[in-house]
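Before we start, here is the structure in question, set down as structure tokens.
The figures that follow rest on heavy atoms only: side chains count, while hydrogens, waters and symmetry mates do not. Every number for a ligand or one of its atoms is a count from 1 in the order of the listing.
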Amino acid sequence: MPAEAPPAEAAGADIAGGDVIDGKAFAEGLRARVGAAVPAFVAAAGRKPGLAVVLVGEDPASQVYVGSKRKATVAAGMESFEHRLPDATDSATLLALVEQLNRDETVDGILVQLPLPPQIDEKAVLAAIDPAKDVDGFHVVNAGKLAIGEPAMVPCTPLGCLMLLKDRLGSLSGLEAVVVGRSNIVGKPMAQLLLAENCTVTIAHSRTRDLPEVVRRADIVVAAVGRPEMIKGDWISPGAVVIDVGINRVPGDEGKTRLVGDVDFASARRRARAITPVPGGVGPMTIAVLLRNTLVAAHARAGLSPPAEL
Ligand code: NDP
């Protein structure tokens, strides 16, 4: 039996096991590439790329996300438009704002922060966003384009996962990929992206029979479940690459909470060739890809080709 590994947040390069994929560093690199490409867009289009973020209500986590998105957008040299609406906002008011942003020529990307309060028809709001400005990639037109292999705005988190995988593995062609989770935000688009890279893709979910055995056949495991450390080390095929999308808060020391993923990091790392940590793996990629999607949308709207390095 190998010695007990330290907890995820303390795991460094010194313990036995696969590489820890540094999503934070990769995301910083992507943000820098986006920032470096902005001046050429400004020179060609005569304006900055613009991202509008809409927040309804006071949800503390959403407030933090929206604040981080604004800071990152401005740091990349783009225009940030923030719209904060009260918790009691109705669907009609939000839809009117989305229509206004659709018409606004200075807005290239529209992001409506989820979750929305219960009185708002979330589907109707997402459907109202101009697909060309849908930098979250949640519109049915973009989901459909992704499914049939046409260029689309792709949801940020799965696209970030794909970037980490390609950076690590190069070609993914022919590899067995198991995606655990089938949400429209992560699992399904992740599976489509892997299929487009010629992986053999299995999508597992809560009704999957013998999940450990299904995961064991994977060269690539993407976990997007929302259950702390559910995927154990002995489910991981030796040499697999593991991408952990999960963000779960669990009780930590001294009454504090700590973040863990959907994968039991220490035991999975002993078998994996490479694995993303939580925090510091997939998480930082999401905002970096949002900036990338905004710049790509801006180029498309201005009739320009997006920079190849994005
Ligand atoms: P959802 O709750 O929408 O989907 C969870 C999926 O996991 C469902 O498909 C569900 O199956 C499946 N599932 C639940 N329990 C089990 C089980 N016991 N065995 C197998 N499958 C199971 O979550 P999301 O996709 O939105 O998010 C997943 C995780 O990723 C969360 O921890 C979330 O916080 C995190 N996340 C992180 C992001 C980032 O930026 N890093 C961005 C988005 C999400 P079924 O469909 O059958 O119910």
**Report entry** Per-atom contacts of ligand 1 with Val282, taking only distances under 4.0 Å to non-hydrogen atoms
**Finding:**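 Listed by number with element: 41 (N).
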**Report entry** atom 21 (N) of ligand 1: the protein heavy-atom neighbour that sits closest, reported with distance to 0.1 Å
**Finding:** His205 C, 3.1 Å
Query raised in the report: Of the protein's non-hydrogen atoms, which lies at the shortest distance from atom 46 (O) of ligand 1, and what is that distance?
Result: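 Heavy-atom neighbour on the protein nearest atom 46 (O) of ligand 1: Arg182 NE, 2.7 Å.
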**Report entry** Residue selection (non-hydrogen contact nearest atom 6 (C) of ligand 1) among Ala224, Gly226, Pro189, Gly23
**Finding:**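 Nearest option to atom 6 (C) of ligand 1, by heavy atoms: Ala224.
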Report task. Please confirm whether Gly187 comes under 4.0 Å of ligand 1, counting heavy atoms of the residue only. Result ->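 Contact check Gly187 vs ligand 1: negative.
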Query raised in the report: Quick one: which ligand 1 atoms are inside 4.0 Å of a heavy atom on Arg227?
Result: 14 (C), 15 (N), 16 (C), 18 (N)
Query raised in the report: Can you find an N or O of Arg207 that's nearer than 3.5 Å to an N or O of ligand 1?
Result: no
Report task. Consider every N or O of Ser206 and every N or O of ligand 1, then say whether any pair is closer than 3.5 Å. Result -> yes
Query raised in the report: Yes or no on side-chain contact (heavy atoms from CB on, under 4.5 Å) for Leu162 and Met190, after CA distance, side-chain angles and deciding distance?
Result: CA-CA 8 Å; Leu162 184 73; Met190 187 74 245; 4.2 Å; yes
Requested in this report: Decide whether an N or O pair under 3.5 Å exists between Gly181 and ligand 1.
Outcome: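 No, no N or O pair falls under 3.5 Å.
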Report task. Applying side-chain contact (heavy atoms from CB on, under 4.5 Å), run through Ser267 and Asp234 and close with a yes or a no. Result -> CA-CA 7 Å; Ser267 65; Asp234 67 351; over 6 Å; no
Requested in this report: Evaluate the side-chain proximity of Ile220 to Leu169: yes if any heavy-atom separation is below 4.5 Å, no if none is.
Outcome: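 Answer yes - side chains close enough.
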Query raised in the report: Is the shortest side-chain N to carboxylate O distance from Arg168 to Asp19 below 4.0 Å?
Result: yes
**Report entry** Contact check, Met230 vs ligand 1, heavy-atom distance below 4.0 Å
**Finding:** yes
Requested in this report: Please identify which atoms of ligand 1 are closer than 4.0 Å to at least one heavy atom of Leu211.
Outcome: 19 (N), 20 (C)
Query raised in the report: Which protein heavy atom lies closest to atom 22 (C) of ligand 1, and at what distance to 0.1 Å?
Result: Val225 CG1, 3.5 Å
Report task. Show the numbers, then the answer: is there a side-chain contact (heavy atoms from CB on, under 4.5 Å) between Met153 and Lys145? Result -> CA-CA 9 Å; Met153 298 301 302; Lys145 283 183 175 177; over 6 Å; no
Query raised in the report: Can we say Lys69 and Glu82 salt-bridge, meaning some charged N sits less than 4.0 Å from an Asp/Glu carboxylate O?
Result: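 Salt bridge absent between Lys69 and Glu82.
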**Report entry** Reference residue Pro228; test side chain to side chain contact (heavy atoms under 4.5 Å, CB included); the match among Asp262, Leu259, Val250
**Finding:** Val250
Query raised in the report: Looking only at protein heavy atoms, which one is nearest to atom 34 (O) of ligand 1, and how far off is it?
Result: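 It is Ile247 O, 3.6 Å.
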**Report entry** For atom 43 (C) of ligand 1, the protein heavy atom that lies nearest, with its residue and separation
**Finding:**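 Ranked first by proximity to atom 43 (C) of ligand 1 is Val186 CG2, 3.8 Å.
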Requested in this report: Specify side chain, backbone, both or neither for Val245, according to which of its non-hydrogen atoms lie closer than 4.0 Å to ligand 1.
Outcome: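 Contact part for Val245 vs ligand 1: both backbone and side chain.
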Query raised in the report: Are any of the side-chain nitrogens in Glu309 or Arg33 under 4.0 Å away from the carboxylate oxygens of its partner?
Result: no
Requested in this report: Would you please test Arg47 and Asp108 for side-chain contact (heavy atoms from CB on, under 4.5 Å) and show each step?
Outcome: CA-CA 11 Å; Arg47 63 177 181 84; Asp108 297 294; 2.8 Å; yes
Query raised in the report: Nearest 0.5 Å, what's the CG-CZ distance between Leu304 and Phe41?
Result: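 Going from CG on Leu304 over to CZ on Phe41, the span is 6.5 Å.
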Report summary line: The answer for which part of Met285 has a heavy atom under 4.0 Å from ligand 1 is neither
Query raised in the report: Under a 4.0 Å heavy-atom limit, does Thr208 contact ligand 1 with its side chain, its backbone, both, or neither?
Result: neither
**Report entry** Winner among Ser183, Pro158, Pro284, Cys161 once heavy atoms are compared against atom 25 (O) of ligand 1
**Finding:**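 It is Ser183 whose heavy atom sits nearest to atom 25 (O) of ligand 1.
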Query raised in the report: Among all protein non-hydrogen atoms, which one is nearest to atom 40 (O) of ligand 1, and what is the separation to 0.1 Å?
Result: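 Going by distance alone, atom 40 (O) of ligand 1 is nearest to Thr286 OG1, 2.8 Å.
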Query raised in the report: Taking non-hydrogen atoms only, is Thr157 closer than 4.0 angstrom to ligand 1 via side chain, backbone, both or neither?
Result: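 It is the side chain that gets close, since no backbone atom is under 4.0 Å.
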Query raised in the report: Do any heavy atoms of Ala204 fall under 4.0 Å from ligand 1?
Result: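 It does not, in that no heavy atom of Ala204 comes within the 4.0 Å cut-off of ligand 1.
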Report summary line: Within 4.0 Å of some non-hydrogen atom of Gly283, the atoms of ligand 1 are 41 (N)
Requested in this report: Could you tell me whether the side chains of Ser80 and Arg70 share a donor-acceptor contact shorter than 3.5 Å?
Outcome: no
**Report entry** Pair Glu213 + Arg216, salt bridge at N-O below 4.0 Å
**Finding:**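 Between Arg216 and Glu213 there is a salt bridge, with a charged N closer than 4.0 Å to a carboxylate O.
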